[in-house]
Amino acid sequence: MRLLARLDASGDGWVRLFTPTAPTPLAGVWVELHACVPPPDAPLASPDQCSELAVFGGSGGAAEASGWMVSAAYAFGHGVHALCPTGTCSPVASDGALLTELSVAVPRLERRTVVCLTGGALFPAAAGARAVEVGRSCTPALGRAEGNASRRARGVAFVKTYKTGSSTLGSLLHRYADARGLDVAVNAKALRGSRSLERWLRKGTMPKPNECLFEFHRFQPCGRAWTEAQEAAGLPPKPLQLVVDHSRWQPLDELLEERRRGGGGGGVEAAACRSFVRRMRDVKGVARALFLQEEAATELRHCVDATAAAQRGRALKAPLAYREAVPEGLLLTAMRWPVGRFMSALEQFSLPQQTGVPCRRTRAARGGACFGQTCERDFHFSWVCLNTSVPRQGMLAAFVRCLFHKASAAKRREAMLADLAATRAAAPPPSAAAAAAMSQLVAQLEAARGGGGGGGRGWRAARPAACGSRARREMPPTFRFAQESVAHTLGFPAEPRPRADTFGRMAERRDFGALAFAWLGALARSVDLVVLAEHFDQSLLLLGREAAMPHQQLVYLSQKRRKTTPPPGGGGGGGGSGGGGESPAAAAAVSPARLANVSAWPSAADLARPEAAWLWPHELDAALRGNWLDSLAYMYFNATLWRRIDAAWPGADGRADFARELAAFRTLRAEVKAKCAECDAEGAARCVAAARARPSGVTPHLCWTLRQDTRSWSEHFFMRTALRFDAVAAMRGGDAAQDGAVRGRAASGMRSGNVQWWRCGNHRAVSESCRVIPNRPGSVARYSAWDCLCSWQ
């Protein structure tokens, strides 16, 4: 094999690997790379003059084209693996072509620095062929080459919305940026404090990667200021190319101004909008009915498209700020079935324990590390306690019944009777026991309606089992993160609450409906792609088309995924359904695909316990109506996703191609997930050894990159930014500049805002602690640049 190494004008390191010219096709490769400084009179350095080359990932070339995954093996050292997890990748023809381009940090920045391929193996594709050992070769590390990477990747700005699978997508995008050396706006709140870093900070508010997020929230574009700061330091400007923002846009007051000026761009004036609003009135509050009407979705689409067309040419400040920061980039966001998102938000923000929803243990007030506004103790309580003692759907039922949609006994009784009538009309009873339980419950409710005795009085006097005595009368402050969260995040300009039924406001108040359609139109024309959690894989394939990302770079491992299986015995504390399963409405709360089955028969055990915390259809409707802005957005962008997929894969042949791509992608993801589980079980050291012995073995580092959250990636990219500026300053200023920076004179490097971006002194070697690979199964190791490369100097 041969290689070419360079440091580009912006300070990013790159190594290009080329396959050998030989007749044998390859099925996989692993190589070890080092940076060495040979003595003045010797062509090659001795091993003690070499350091592992920190490799962040690879992309492009024949490896990417053939379906291989490229990653550093462990802690950005110990090798680079190009592997085929499924074992079915098309083998790379060994014709001397570019294998892959690696994003690296060159650890020694002297003019004699060379990058060496010091070992490895080539795996021939022929069945039964033995691995071929790679010989040593070196190349000078060319400095200050003009231009950036050999090919430009498309940048991305991603606005995260609460509880929509956005952490998983954010991790995928960070991995995309890592392999391509993209500049990233990091989350300042996620960075750990460091005394060695703090002395390099000074007061200031000039833009830098971890301030851009705050600027966006004020509609202040920071991309130009960021590049100007680099020019002021004498460096070639490099724009931000990835922004993953977990906060919210300020309200889009331009839409209110437009309404006041008598415009509005469609609104309820459009014929399709008027027709859709009439449908909302006709369903008489049964919100789920709209999602089952294809005509309603079509009318909403025509309404929003007409509104967006009428708005065209009018700029919105928030999208402009992102687009200016990420030139020619994609602007993404994510959405999820509103009831499922609402349920997850209730868990996330401690609402159950604040409002008395029953749980078997009491949440401790303190303890656990906190990162930003998220604490380990909160997550442990929500994910472990609630999911083992109160099924998630039962928690949602209790919350809606006891706090969110309180109703008098008479109104609740009528809603229950209506639900039961719809169930009887939908299908015959599944069993004699279910029919008897239904008849008995209907008789009780009708007796209570007429003021009769016996069971009627008993039912009317019973307190709902899930409504604890600690339940508050008013919503806690954290409820703002739960209801209409997507609308809040994406800048709806008016208050969608108080808890008044937004569905009613949409149907009856013309001004509110017009504003809602104007907001949807603004999103439709401003956001390039909306990823839907329920169709995550399909959304990723569309993203891959837009950003030229192959399947292997779209692979993900789900983050923050909650357990949905009810506990044995139906739960405790009034949370179980009594039947050991979920009601039809509870199933639809998790998946909109099961919405048509809401009126199916509940179990006989559920019907015998009407006040247990199993979800009734009218309670599902209450959650939909209370999140009606989110519901409208989901209706529209769900239809838009499938429209765009049909356009990207047109016709019958296109649909067949898309189905094959989706199946292949899911097979690849399942294989990587299984192999990462095996890697965890056998331990990092054995996993690395196994990966070196076969062309389909994953590495611990690859699995690590698939699992990292916003905090981990923020630290990692803060370090990468320092390395980039550090490298340029060192090549420009030589040893004197390095010595001056280390002594505290801050003579070199780059200053942006309150950070002097000088970190590593005279080398960037992998730290000793990260060279030791733990051998025990399930061991947790540190792999990030923040932990494994040099400390702040």
Side-chain angles (χ1 to χ4, degrees), residues 1-5 13-36 44-47 49-64 66-85 87 89 91-107 114-126 129-139 141 179 552 679 684-702 765-766 770-771 773:
M1 296 188 72
R2 63 186 181 92
L3 66 161
L4 174 67
W14 302 94
V15 172
R16 307 186 86 192
L17 291 179
F18 297 86
T19 56
T21 302
T24 304
L26 299 176
V29 171
W30 79 264
V31 295
E32 288 184 339
L33 297 174
H34 286 76
C36 309
L44 295 177
S46 61
Q49 295 170 311
C50 296
S51 299
E52 290 127 329
L53 194 66
V55 181
F56 303 110
S59 64
E64 185 173 281
S66 62
W68 290 0
M69 300 184 79
V70 180
S71 72
Y74 176 81
F76 308 103
H78 300 281
V80 176
H81 290 247
L83 56 96
C84 176
C89 305
V92 174
S94 299
D95 58 0
L98 173 68
L99 175 66
T100 189
E101 184 170 60
L102 305 173
S103 173
V104 305
V106 180
V114 296
V115 174
C116 295
L117 195 158
T118 56
L122 307 178
F123 297 95
R130 300 182 65 180
V132 179
E133 188 173 328
V134 172
R136 175 168 175 146
S137 62
C138 295
T139 183
Q552 63 268 32
C679 185
R686 293 189 183 90
C687 184
V688 169
R692 291 179 177 181
R694 59 178 186 259
S696 61
V698 304
T699 66
H701 177 266
L702 174 62
V766 177
C770 291
R771 290 178 181 172
I773 305 178

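One is the number of the first residue; the rest follow in order along the sequence.
Nearest heavy atoms, Val698 versus Cys679: CG2-CB, 4.2 Å. The shortest non-hydrogen separation linking Tyr74 to Cys770 is CE2-O, 2.8 Å. The two atoms that bring Ala131 and Ala121 nearest to each other are CB-CB, 4.3 Å, heavy atoms only. Contact detail for Trp14 and Ala179: the closest heavy-atom pair is CZ3-O, 4.2 Å. Shortest non-hydrogen contact noted between Ala129 and Pro124 is CB-CB, 3.7 Å. Of all the heavy atoms in Ala73 and Thr699, the pair that sits closest is O-CB, 3.6 Å.
Just one of Val31, Leu102, Val115 meets the side chain to side chain contact (heavy atoms under 4.5 Å, CB included) condition when paired with Leu3; it is Val115.
The shortest side-chain heavy-atom distance between Met69 and Pro85 falls under the 4.5 Å cut-off.
Atoms CZ and CG, on Phe123 and Leu83 in that order, are 9.5 Å from each other to the nearest 0.5 Å. The distance from atom CG of Leu122 to atom CE of Met1, rounded to the nearest 0.5 Å, is 6.0 Å. The distance from atom CG of Leu99 to atom CZ of Arg16, rounded to the nearest 0.5 Å, is 11.5 Å. For the atom pair CZ (Phe56) and OG (Ser103), the distance works out to 6.0 Å, reported to the nearest 0.5 Å. Rounding to the nearest 0.5 Å gives a distance of 12.5 Å between NE2 of His701 and SG of Cys687. Atoms CG and CD, on Leu117 and Glu32 in that order, are 9.0 Å from each other to the nearest 0.5 Å.
The aromatic rings of His81 and Trp30 sit parallel, their planes meeting at an angle under 30°, below the 60° perpendicular limit.
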Taking it one step at a time, do Phe76 and Val55 satisfy side chain to side chain contact (heavy atoms under 4.5 Å, CB included)? CA-CA 5 Å; Phe76 308 103; Val55 181; 5.7 Å; no
What verdict does the side chain to side chain contact (heavy atoms under 4.5 Å, CB included) test give for His78 and Arg692, after you've listed the backbone C-alpha separation in whole Å, the side-chain angles of each residue and the deciding distance to 0.1 Å? CA-CA 10 Å; His78 300 281; Arg692 291 179 177 181; 3.6 Å; yes
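By the SG-distance test at 2.5 Å, no disulfide connects Cys116 to Cys50. Cysteines Cys138 and Cys36 are not disulfide-linked, with SG atoms at least 2.5 angstrom from each other.
A distance-only check finds a donor-acceptor pair linking the side chain of Thr19 to the backbone of Ala97 [under 3.5 Å]. Using modelled atom types, no side-chain atom of Glu64 and backbone atom of Thr100 make a donor-acceptor pair closer than 3.5 Å.
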